[in-house]
S.K.: 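Sharing a structure, written as structure tokens. Questions coming.
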Amino acid sequence: MTQTDLRHVIQALSEALDLVGVDDVAHGKRVGLMAAECARELGLTDAEVRFCFDLGMLHDIGVSSTRTHGKLVGHFDWDGAQDHCETGFALLGRFPPLQPLALPVRYHHTRWEVLTTIGLPDDVARQANLIYLVDRVDALAASWQARGELLLHTGRIRDEIAGHAGHYFDPRLVDAFLRASARESFWLMQEPRAIQAFLRTRRFDGPAVPASVQELHQLAGIFACIVDAKSPFTAAHSIGVAGVARLLAAALDMDAAACERIEIAGLLHDLGKLRVPDEILDKPGRLDEAERAVMRTHSFETFQILRDIAGFEDIARWAAWHHEEPNGRGYPFHLQGEQLPVEARILRVADIFQAMIQDRPYRAGLPPPEVAAFMNDLAGQGRVDASIVAVLLPRLDEAVDIGRGLRAACAA
């Protein structure tokens, strides 16, 4: 059984959310840090400060599109800003350990003058509005932060936020922000080195929260839905890969615990695609050389996200190696032969199979005979493990049912 700390899993997976920024990959962390500093300024308890930090880290759990992220950091407000809040609310509501974050996430782009009229508990309304405030601070700071000029322009940011007191933001929260942000340390703690130092310390702060296999599976499923929502080309792909991989593992007489672990790896295998720009994933045709180079980063990004979770060492490797080939011509590590464990070989076959049967905007999913011929051809070239293909082919109809039948899982 996988033994791990739920805090570490959540922190690592928050890294995946920040990948959506592509060139700016710390938005959630900065929002969390600023929210925590403002919470301290308000005199909240240590537990409440930690809650505000976690809320900031995961507030954009409903965002997987790089286009949406661009609007988040490029506009103070816009029509459609609420969409990702509703998505985040639905995702968090499915996972009991994170359900307290769901309502604040739902309303973290709602103006204070509206929040006070809809009957929310006071603490939820202030939590949501605090995240809205510091989220907009980060959006205002983005261009200057990128140029290393943030301290030269903090006065403008503070004036902008102060000008929205009573309308967008709770005046009490604005006052707390103005007090906290008068300190240079408030802004300097948002630099990459300071963020990483803080996160290293926080990993060991407080008691461990052991995660059950069921909870890990639920959380992996949430993040699979986020990845799969990124593009119509990837819709339900991760969930299908996980289901087919579990089928193959069971057919190879792996025990229940091993089947569960490989299913979790399947759910998480494409986390790194969150950093791939939408226009590359959505391209209705062959990628050019530069686009292929970007796409080839995604499995390594998956490895980076998962590798530091205690108890996930094997899952991280299996997930990251789903584009490795037995002949050594895969990526990103160019492993070959016995370097590839059977679990990675299973994920490789499941990933290709699921891509073949999925409908795409420019073609329908391939029928089973064509899928079988294609998989046999890959096996003959040494690009997939022939023994895994031999397990798949007699179960092709069952695998198709699994791969296509799970498409509604994220909408359920």
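Since we're looking at a predicted model, the values are computed, not measured. One is the number of the first residue; the rest follow in order along the sequence.
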S.K.: Does a salt bridge link E343 with R261, judged by any charged N lying under 4.0 Å from a carboxylate O?
M.R.: no
S.K.: Could you give the distance from NE2 (H109) to CG (D60), rounded to the nearest 0.5 Å?
M.R.: 6.0 Å
S.K.: Please name the residue in the list Q304, E301, H298 that meets the side chain to side chain donor-acceptor pair (under 3.5 Å) test with R275.
M.R.: E301
S.K.: Can you measure from CG (D308) to CG (L199) and round to the nearest 0.5 angstrom?
M.R.: 11.0 Å
S.K.: Is any side-chain heavy atom of E215 closer than 4.5 Å to a side-chain heavy atom of F95?
M.R.: yes
S.K.: Is the shortest side-chain N to carboxylate O distance from E313 to R307 below 4.0 Å?
M.R.: no
S.K.: Please tell me whether D135 and H59 have a donor and an acceptor in their side chains that are separated by less than 3.5 angstrom.
M.R.: yes
S.K.: Please tell me if the side chains of D170 and R126 come closer than 4.5 Å, counting only heavy atoms from C-beta onward.
M.R.: yes
S.K.: Does the pair E325/R348 count as a salt bridge with the N-to-O cut at 4.0 Å?
M.R.: yes
S.K.: Any heavy-atom pair between the side chains of V294 and P277 that's under 4.5 Å?
M.R.: yes
S.K.: On the 0 to 90° scale, with breaks at 30° and 60°, tag the Y168-H164 ring pair as parallel, tilted or perpendicular.
M.R.: perpendicular
S.K.: Under 4.0 Å between a Lys/Arg side-chain N and an Asp/Glu carboxylate O for R329 and E324?
M.R.: no
S.K.: With rounding to the nearest 0.5 Å, note down the distance linking CG in L347 to CG in D270.
M.R.: 10.5 Å
S.K.: Does a side-chain N-to-carboxylate-O contact under 4.0 Å join R40 and E37?
M.R.: yes
S.K.: Report yes or no: do R296 and Y331 form a side-chain donor-acceptor pair below 3.5 Å?
M.R.: no
S.K.: For the pair F53 and F198, evaluate ring-ring contact (aromatic ring centres under 6.0 Å, His included) and give the outcome as yes or no after the intermediate values.
M.R.: CA-CA 12 Å; F53 177 78; F198 177 85; 5.2 Å; yes
S.K.: As an exercise, state the distance from CD1 of I131 to CG of D138, rounded to the nearest 0.5 Å.
M.R.: 11.5 Å
S.K.: Show which side-chain atoms of residues 151-159 pair as donor or acceptor with protein atoms under 3.5 Å away, not counting sequence neighbours.
M.R.:
{"from": "R158", "atom 1": "NH1", "to": "L178", "atom 2": "O", "distance (Å)": "2.6"}
{"from": "R158", "atom 1": "NH1", "to": "S181", "atom 2": "OG", "distance (Å)": "2.7"}

S.K.: Is a side-chain donor-acceptor pair under 3.5 Å present for Q11 with S14?
M.R.: no
S.K.: Are more than 12 heavy atoms, taken from residues, nucleotides or ligands other than D122, located less than 6.0 Å from that residue's CG atom?
M.R.: no
S.K.: So, using ring-ring contact (aromatic ring centres under 6.0 Å, His included) as the criterion, who are the partners of F51 when residues are at least two apart?
M.R.: none
S.K.: Quick check: closest heavy atoms across A320 and P332, and the distance to 0.1 Å?
M.R.: O-CD, 3.9 Å
S.K.: When you compare the side chains of H269 and D351, does any donor N or O come within less than 3.5 Å of an acceptor on the partner?
M.R.: yes
S.K.: Which atom names give the shortest non-hydrogen contact between I388 and R345, and what distance separates them?
M.R.: CG1-CB, 4.2 Å
S.K.: Please report the closest heavy-atom contact between P104 and L55, naming both atoms and the distance.
M.R.: CB-CD2, 3.7 Å
S.K.: Would R193 and E191 pass as an ion pair if we require N to O under 4.0 Å?
M.R.: no
S.K.: Please check if any side-chain donor atom of D228 sits under 3.5 Å from a side-chain acceptor atom of H237, or the reverse.
M.R.: no
S.K.: Can you tell me how far apart CG (D385) and CG (L392) are? Round to the nearest 0.5 Å.
M.R.: 12.0 Å
S.K.: So which heavy atom on C52 is nearest to which on A35, and how close?
M.R.: O-CB, 3.8 Å
S.K.: Going by an N to O cut-off under 4.0 Å, is there a salt bridge joining K29 and E15?
M.R.: yes
S.K.: Minimum heavy-atom separation for C38 to F177, with atom names?
M.R.: SG-CA, 3.8 Å
S.K.: Once you round to the nearest 0.5 Å, how far does CD1 of I315 lie from CH2 of W318?
M.R.: 6.0 Å
